[in-house]
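Labels below follow one simple rule: chain letters A, B, ... track the order of the sequence lines, proteins then strands, and each chain is numbered from 1. Everything quoted here is computed from the prediction, not taken from an experiment.
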2 protein chains.
Amino acid sequence: MEQESRLAGTVRPGGRTAKVRAAVLTATQDELVERGFHGLSMDQVAARAGVGKTTVYRRWGTPSGLVADLMNELADESSPHADTGTVEGDLRANALSVLQAVTDPRLGATFQAVIAAATCDEEAAKALRAFYGRRVEEWAKAVDRAVGRGELPPGTDAKEVIRAVSAPLYYRLLVTREPVTAEAAERSALRALAAARAGAFAEGA
Amino acid sequence: MEQESRLAGTVRPGGRTAKVRAAVLTATQDELVERGFHGLSMDQVAARAGVGKTTVYRRWGTPSGLVADLMNELADESSPHADTGTVEGDLRANALSVLQAVTDPRLGATFQAVIAAATCDEEAAKALRAFYGRRVEEWAKAVDRAVGRGELPPGTDAKEVIRAVSAPLYYRLLVTREPVTAEAAERSALRALAAARAGAFAEGA
DNA sequence: ATCTTAACGGAACTTCTGTCCCATTAGGGG
DNA sequence: CCCCTAATGGGACAGAAGTTCCGTTAAGAT
């Protein structure tokens, strides 16, 4: 079997191809907002984007593929991370940035869709990991700075602290499905901070 | 329009109907383990359960409906919660119980499916809330006991502490999709405990 | 034991999903 | 500027998903 070549649209990614991709990804997000991942239909996306459905099937294959590509697109837009001078300020900023993301109608719908897709599609799971992996690394620097300043115990696992800030917000979003509020975000940041100060994120513990 | 009556199978829930439900829910879980929520097909479930597909469509309507009913079934099986004598012991027990649940092939696949379904189906979302609401309440008693004993500050939000133990584990399961290990569970319990001891779950904070 | 009817199941049917083929359009190298 | 071909798009098609109709089975009341 001949080595299956790269995806369609990668050899000649000029004007038309790029326009098609943009139109399709926008249409995908619109559909996600209106119908959710479960209601995402390739035909519908093609119609909405004004492109042939053959093209959508050929380039993205499945709804999961669409959603994974959408996430990859979002991952490229770098998230500006704060440097407020204190861990507390930085962690609050982080929590609020997560809040803003999951609260935004388009982004929120997209995240939920990717997470749903990732439960049974490896491509979507990969896109999800890539997105959060990068984001967590960026914000982890704030924790490392805090350790340097002596605000947090040496050996503190910076990435884990950042994940601990996000986790309760995603728990609310996905599991308990309560509204993710600014108060919840604040509390989440402060709780992670309290645990970090107590050394619960340090190596030995 | 005549008030649409109650669901099929609720007026005469005797032997046959109960058997059909059991067979269908078992088949649903089997399919979830093998194919995931995305691959759950009503026809396939009907065939596997050995019942008519008409019956499955009539009683459950959609894959989300199947999964929601499955979750309701699981919610009825009460989860024994521990009383080890210390908060630390109880929170660890809680974390390990979550670990066990999400690690179990059948339960884990079911949880992921319900969470995926809940992102765009209100019925599934409701079943999910009911399941975790009850579970959290049960385990929250352990935190209340700890407050009574003076192990944790007065005014500690017991349910929030319990949610804080679970959150990082679900974050791993759903978002970062790293394996949920016993170490992760232990740490999660200890971090929630550290924050609670520091008063980060108390009223004012 | 008998009767009523809730619930089930088979089969035909419609709609939607996904594939294939081939003509058309336009990127980008020469 | 022209040519080659990557990429698109329409239309026809096969198969799966979902609906409807109606006859059959058995729960539960009398």
- Given protein heavy atoms under 4.0 Å, the one-letter contact record of nucleotides 24-30 of chain D, with B base, S sugar-phosphate only and - none, is simply -BBBS--
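Evaluation of atom-type donor-acceptor distances gives a pair under 3.5 Å for the side chain of A/K53 against the base of C/dG18.
Between A/Y171 and B/Y132, the ring-plane angle classifies as perpendicular under the 30° and 60° cut-offs.
Mapping B/Q44 and A/G52 onto DNA chain D by nearest heavy atom places A/G52 closer to the 5' end of the strand.
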Quiz: residues 50-58 of chain A side-chain donor-acceptor pairs under 3.5 angstrom, not counting sequence neighbours:
| unit_1 | atom_1 | unit_2 | atom_2 | d |
| --- | --- | --- | --- | --- |
| A/Y57 | OH | A/D43 | OD1 | 3.2 |

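The neighbour count for B/Q100 CD, taken as heavy atoms of other residues, nucleotides or ligands under 6.0 Å away, does not exceed 12.
Closest to the B/M42 side chain, of the nucleotides D/dG18, C/dG18, C/dC8, is D/dG18. Checking D/dG9, C/dC8, C/dG10 against the side-chain heavy atoms of B/T54 singles out C/dG10 as nearest. Among the nucleotides D/dG9, C/dC8, D/dA17, the one closest to the side chain of B/T55 is C/dC8. Taking the side chain of B/Y57 as heavy atoms from C-beta on, and the options C/dG18, D/dG9, D/dA17, the nearest nucleotide is D/dA17.
In this structure, A/R163 pairs ionically with A/E160, as a charged nitrogen and a carboxylate oxygen lie closer than 4.0 Å. Between B/R21 and B/D69, at least one side-chain N (NZ, or NE/NH1/NH2) sits under 4.0 Å from a carboxylate O, which counts as a salt bridge.
Taking every heavy atom of both residues into account, B/F201 and B/A192 meet most closely at CE1-O, 3.8 Å.
As rounded to whole Å, 12 Å separates atom P of D/dG9 from atom NZ of A/K19.
Nucleic acid contact for B/R58: base, since at least one base atom lies under 4.0 Å from a heavy atom of the residue.
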